[in-house]
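Data first, discussion second: the structure below is written as structure tokens.
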Number of protein chains: 2
Amino acid sequence: MLGGMPTTTELEQMLRDADLRVTRPRLAVLSAVHRHPHADTDSLIRAVRAQLGDVSHQAVYDVLRALTAVGLVRRIQPAESVARYESRVGDNHHHAVCRSCGAIADVDCAVHAVPCLTPSDDHGFVLDEAEVIYWGLCPECQPAQRMEMDRRV
Amino acid sequence: MLGGMPTTTELEQMLRDADLRVTRPRLAVLSAVHRHPHADTDSLIRAVRAQLGDVSHQAVYDVLRALTAVGLVRRIQPAESVARYESRVGDNHHHAVCRSCGAIADVDCAVHAVPCLTPSDDHGFVLDEAEVIYWGLCPECQPAQRMEMDRRV
DNA sequence: CGGGCACTCTTGACTCGTTCCAGAGAACCG
DNA sequence: CGGTTCTCTGGAACGAGTCAAGAGTGCCCG
């Protein structure tokens, strides 16, 4: 990220720089992704509608795909989860995901630059990215989980 | 893994050891997962039906969930993919996934033992697993991709 | 500044992996 | 071998995401 929330003008410039037409749905979706990190599609649809009124879900799906294709947003999808989107792109960071509530936190790559991209045996694959997901319990869910375990014992 | 394909008797013992009743669908599913590493649910349903005749898809889904719950199989689900299952469990290995055809290969963890489980900042999460997915192109898809790029230029 | 092309949004149906439910059937304890 | 409890069958349902056709609009160019 390069500082605070981008202004509308900055968002507009991002779209133009990516050769995407500037439309109200696109500005709203891009803004929503910046304001709600790791939000799923449904949350983004609701955020966009709160700002613009009626917008078809298809439009939001289309916009998210276009933004992802040009690299303005990044799509993440941990196992068992729906697609989520974030605006922090281009720095190869990773994610910690809560097994209990699904909360996601950003985690900087421990090994800087191209990271774990050197597995012991790549089986002939040409690799371009190593995606790391740390699974565990977020601070909120740790007490709840402990209580649940106590109850079982 | 502990050697070659387990015999039916060994599969039966695995189920009993896990406190699961021994049924024909369970033996067939467990066997199919051993015979078809990284297969999706549909492939497994077809493998099971080839062996037993009619088996409801629901039965296979139930069995896969039960086997996953007790740790006899492991469920993996790279982004944009349906659920897949493997019988290699308990050794914390990772996967290389082909962006083009979805092929999956096992990759031993470069850092042995509990691996990358020490991110720079865990945000208060209590982590228990680091899942690594290496994205790239499998040997089969590399020529195809190169041709596609040539065509574009 | 206005016409026109190509792209984008709306609407609504649809796919497909997966889950839910109720009842029949089977494993296993005693 | 009977009873209990878990498992399987069959069919309906769900939900995230996609497809398709036509109306609408951004933006290039004259």
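Residue numbering restarts at 1 for every chain, and letters A, B, ... go by the order of the sequence lines. Since the structure is predicted, the reported quantities are computational estimates derived from the model, not experimental observations.
- Here B/D54 lies in heavy-atom contact (under 4.0 Å) with sugar-phosphate atoms only.
- To the nearest angstrom, P of D/dT7 lies 15 Å from CG of B/L30.
- Taking atom CZ of B/R84 as the reference point, atom C1' of C/dG17 lies 13 Å away to the nearest angstrom.
- Around atom CZ of A/R24, no more than 12 heavy atoms belonging to other residues, nucleotides or ligands sit under 6.0 Å away.
- B/Y61 places its OH atom 7 Å from the P atom of C/dG17, with the value rounded to the nearest Å.
- Across D/dT9, C/dC20, C/dT11, the shortest atom-to-atom separation from the side chain of A/Q58 is found for C/dT11.
- Taking atom CD1 on A/I45 and atom P on C/dC9, their separation rounds to 13 Å, with Å as the unit.
- Considering only side-chain atoms of B/R26, the nucleotide from D/dC27, D/dC8, C/dC9 that sits closest is D/dC8.
- Candidate nucleotides D/dG17, D/dC8, C/dG17 were compared by shortest atom distance to the side chain of A/R75, and D/dG17 ranks first.
- For B/V82, counting side-chain heavy atoms from C-beta on, the closest listed nucleotide (C/dG17, C/dC21, C/dT8) is C/dG17.
- Heavy atoms from other residues, nucleotides or ligands lying under 6.0 Å from CG of A/D17 number more than 12.
- Both A/H57 and B/Q77 lie near DNA chain C, and the one whose nearest nucleotide falls closer to the 5' end is A/H57.
- A donor-acceptor contact closer than 3.5 angstrom is absent between the side chains of B/H34 and B/E10.
- Contact check on B/D108 versus B/R88 returns a salt bridge, with a Lys/Arg side-chain nitrogen under 4.0 Å from an Asp/Glu carboxylate oxygen.
- Below the 3.5 angstrom threshold, one finds a donor paired with an acceptor across the side chain of B/R21 and the base of D/dT5.
- Atom CG of A/D19 is separated from atom P of D/dC27 by 11 Å (rounded to the nearest Å).
- The phosphate of D/dG26 (OP1 or OP2) has no side-chain N or O of A/R16 nearer than 4.0 angstrom.
- B/A66 comes within contact range of no nucleotide atom at all, as no heavy-atom separation falls under 4.0 Å.
- When each of B/E80 and B/L20 is assigned the nucleotide of DNA chain D with its nearest heavy atom, B/L20 is the one assigned upstream, toward the 5' end.
- Here the closest heavy-atom approach between residue B/D128 and residue A/G136 is recorded as OD2-CA, 3.5 Å.
- Between A/D62 and B/V63, the residue whose closest nucleotide on DNA chain D is further toward the 5' end is B/V63.
- One interatomic measurement links the two molecules: CG of A/L64 to P of D/dA16, which rounds to 14 Å at whole-angstrom precision.
- Of all heavy-atom pairs spanning A/A39 and A/S43, the tightest one is CB-CB, 4.1 Å.
- The side chain of A/T23 places no N or O atom within less than 4.0 Å of a non-bridging phosphate oxygen (OP1 or OP2) of D/dT25.
- Distance A/I76 CD1 to D/dA16 P: 17 Å, rounded to the nearest Å.
- Residue contacts for B/S56: at a heavy-atom cut-off of 4.0 Å it reaches a base atom on one of the strands shown.
- Put simply, A/R24 has no side-chain N or O that comes within less than 4.0 Å of OP1 or OP2 on D/dT25.
- Of the candidate nucleotides D/dC27, D/dG17, C/dT18, D/dG17 has the atom lying nearest to any side-chain atom of A/T41.
- Whole-Å rounding puts the B/L27 CG to D/dC8 C1' distance at 14 Å.
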